[in-house]
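In what follows, a single structure is set out as structure tokens and then discussed.
Note on naming: letters A, B, ... go to the chains in the order of the sequence lines (proteins, then strands), and numbering restarts at 1 for each one.
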Amino acid sequence: LRLGHALLSAALATSRAAMSSWTHLGQASAVRIDEQLFAEYGFSVEQLMELAGLACAQAVHRAYPPASELDGSTSWPRVLICCGPGNNGGDGLVCARHLGQFGYSPSVYYPKRTDKPLYRNLLKQCIGSGIPIVESHPTAATMAADYDIVVDALFGFSFKPPVRPEFEAVMSALSGASVPVVSIDVPSGWDVELGPVLETQSIQPDCLVSLTAPKMCAKHFTGRHHFLGGRFVPPELARSFSLNLPRYPGCEQIVSLNN
Amino acid sequence: REQAEQVDSELLTEYSLSLDQLLEHGGLSAAVAFARIYPKESLTKERTLLVCCGPGNNGGFGLVCARYLKLFGYKLTVFYPKTPAKAAYRSLLNQCEKMDIPFLSYMPGDVQVLDHNYCLIVDALFGHTFQAPVRPDLADVLQKLTETAVPVVSIDVPSGWEADKAPSGSSGQHYLRPDTLISLLLPKRCSLEFAGRRHYIAGRLLPATLVNKLDLRLPTWSPQDIAFPLVDCPDGVAASGSANQLSAEASGNSAAGAASGAAAAAGAAATAAGGTGESKKTSTDKSGTNCF
């Protein structure tokens, strides 16, 4: 029994080592890389958000493609995108718009909106694309009934507990969801370095789309699909942070991090 | 032309798309289209591209496109003659410089230098707002692009063409005839006269409500793509599908038929792209016109 256990531990350690051979960023590095992208390289938030959202949409398509029906028609999944008040939510708004372009049926849940032109404009683009903005707070039951996939774009790497009251309902719904959850960059509520820390609202996504580089908490990810997106890192920046990242194939905007 | 300008202005005002977003998505999509048509493995030994960027938005798309082509692994040089007026362009220029992309401020005096040094040229000089005549300081640049034997890939509108039509009249003899046209968001009317080997559409930003409002009929995109071929005739042989080129007025149904036929042809064409870098620019013969 002990030998079997030792072998199992060794196997798990090996596969974790394979996954963790890529760079996994801590909080400080993630913040500094962002700062460099904006200050040193002159990227704007709109630019990078546009790319991040597109990558997330393409990851959703790769992991959950539409099904072909017997009559030859295509069945497009209904997707609920839950957007938080910050940049993670902004990524979600862009993702929603591109999912709509691809053919999915997106709906956006955006309970708390920060009043900045960036977010106002992204929301306007969603509305202008005909994407419904859901008013009622979703529950695990309504998520399962009305949607096939849920995108978690609530909180990113800057999140610090506790969860505010206005997000308790959706966090419960996400942590109890029976449909696949796709988290953008960091599963909402996770500590960017330690992983799941919340006692009652622990989201376990089926798919994680790490942006720029995986975060340390990704080592705790146990879902089926892990993608890297955000193909905008200039080689010089990658070198200065010693980023060890997988190569994106050809002209693709996402790369799978699964073994 | 009017419709194209209306689309742009509505995107930026009514739909609050920022110029940054538009240029970024458009430039990325153009680079993806380029990489599909001319995979870097198929280029000649020299493998250097020249990206010619003009002073306006077309140049902005070119700068973004150049950055992605560099990320995709191409060797390239950017020609950017003017100090950019807009902050948006200055940022894009800075991003290119930070990617270690070399810049030219002057085109070589002899067109043979172009022919010798570059295997493909991306034409991002002028876009759909262009009106003849060409401004004097860029006339020579356009002339070089027109005369070079290197295949030219035009972004959105072949430079020197107006959105509605190809050049005609006394200047009709010698104007730019690119090998490939990459239309952004939707084809412009002048693309009806495009006789080059490949016409791709790139960029997926048009909101459904805008499409309905302006009664635009667009080709059917394949699901997650941001660039795909409308016409792909690598050997100048007619692709299957209707004779109508896609424009704001072409019927949506025949467009879907032509697109899927062209997409099938594109699959075969991509693998046969080996000789692309060495082939000459399409001459003024009519071989390309059968595509339509």
Side-chain angles (χ1 to χ4, degrees), chain A residues 36-51 53-55 57-62 65-66 74 76 94 97-104 117-131 231-239 247-254, chain B residues 10-12 14-29 31-36 39-41 64 67-74 87-88 90-101 203-213 220-227:
Chain A
Q36 288 258 296
L37 284 167
F38 298 133
E40 182 69 21
Y41 292 84
F43 287 105
S44 72
V45 180
E46 282 93 346
Q47 266 178 301
L48 301 189
M49 214 167 257
E50 190 64 29
L51 301 169
L54 175 63
Q58 289 182 330
V60 169
H61 181 270
R62 184 81 62 82
T74 310
W76 288 96
V94 177
R97 176 166 32 90
H98 285 293
L99 283 174
Q101 287 278 350
F102 293 172
Y104 290 83
L118 169 69
Y119 305 131
R120 276 203 309 271
N121 293 344
L122 291 178
L123 181 62
K124 204 168 165 196
Q125 289 153 32
C126 281
I127 294 170
S129 305
I131 297 175
R231 189 177 182 179
F232 43 66
V233 181
E236 190 188 307
L237 182 64
R239 274 193 302 271
R247 283 177 70 96
Y248 289 91
C251 50
E252 310 251 335
Q253 299 307 301
I254 57 172
Chain B
E10 292 240 358
L11 280 177
L12 296 173
E14 192 62 30
Y15 294 89
S16 296
L17 203 70
S18 73
L19 184 60
D20 276 4
Q21 277 175 290
L22 177 64
L23 295 178
E24 192 71 20
H25 184 90
L28 166 62
S29 306
V32 168
F34 182 97
R36 297 245 175 89
K40 68 179 193 288
E41 299 74 32
V64 175
R67 173 162 36 90
Y68 282 102
L69 289 177
K70 184 77 202 267
L71 266 176
F72 296 165
Y74 292 87
R90 275 201 299 279
S91 297
L92 294 179
L93 194 58
N94 181 37
Q95 289 152 27
C96 279
E97 284 169 349
K98 288 276 182 340
M99 296 281 295
D100 289 326
I101 296 173
R204 231 167 150 178
L205 287 178
L206 297 179
T209 47
L210 181 59
V211 171
N212 292 336
K213 176 175 169 187
T220 311
W221 288 85
S222 68
Q224 84 291 12
D225 253 340
I226 53 174

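- For A:Leu122, the part lying near chain B is the side chain, with the backbone staying farther off; criterion is any non-hydrogen pair under 4.5 Å.
- In this structure, OG on B:Ser16 lies 10.0 Å from CD1 on A:Ile127, to the nearest 0.5 angstrom.
- Taking CD from B:Glu14 and NZ from A:Lys124, the interatomic distance works out to 6.0 Å, rounded to the nearest 0.5 Å.
- Heavy-atom pairs under 4.5 Å with chain A were tallied for B:Gln95, B:Gln21, B:Lys40; the largest tally goes to B:Gln95.
- Interface residue B:Arg67: only side-chain heavy atoms are found under 4.5 Å from chain A.
- Contact annotation for B:Leu17: both backbone and side-chain heavy atoms come within less than 4.5 Å of a heavy atom of chain A.
- Looking at A:Gln47, both its backbone and its side chain come within 4.5 Å of chain B, counting heavy atoms on both sides.
- Note that CD of A:Gln253 is 6.0 Å distant from CD1 of B:Ile226, once rounded to the nearest 0.5 Å.
- Residue B:Glu97 does not touch chain A at all, counting heavy-atom pairs closer than 4.5 Å.
- With chain B as partner, the option from A:Arg231, A:Glu252, A:Glu46 having the largest number of non-hydrogen pairs under 4.5 angstrom is A:Arg231.
- Looking at A:Leu237, neither its backbone nor its side chain comes within 4.5 Å of chain B, counting heavy atoms on both sides.
- Neither the backbone nor the side chain of A:Leu48 comes within less than 4.5 Å of any heavy atom in chain B.
- Among A:Glu40, A:Gln58, A:Gln125, A:Arg120, the residue making the largest number of heavy-atom pairs under 4.5 Å with chain B is A:Gln125.
- Here the straight-line distance linking atom CD of A:Gln36 with atom NZ of B:Lys98 works out to 9.5 Å at 0.5 Å rounding.
- Per-residue counts of heavy-atom pairs under 4.5 Å with chain A were compared for B:Leu210, B:Leu23, B:Asn94, B:Leu69; the largest is that of B:Asn94.
- Among all heavy-atom pairs drawn from A:Gln101 and B:Leu205, the shortest one is NE2-C, 3.5 Å.
- A:Phe232 approaches B:Leu71 most closely through the heavy-atom pair CA-CD1, 4.1 Å.
- With respect to chain A, the highest number of heavy-atom pairs below 4.5 Å among B:Leu206, B:Leu92, B:Leu22 belongs to B:Leu206.
- Neither the backbone nor the side chain of B:Phe34 comes within less than 4.5 Å of any heavy atom in chain A.
- Taking both residues in full, the closest heavy atoms of B:Phe72 and A:Cys251 are given as CE1-CB, 3.3 Å, listed atom of the first, atom of the second, then distance.
- At a 4.5 Å heavy-atom cutoff, A:Val60 makes no contact with chain B through either its backbone or its side chain.
- The distance from atom NE2 of A:His98 to atom NE2 of B:His25, rounded to the nearest 0.5 Å, is 5.5 Å.
- The candidate with the highest count of non-hydrogen atom pairs below 4.5 Å against chain B, out of A:Tyr248, A:Tyr41, A:Phe43, is A:Phe43.
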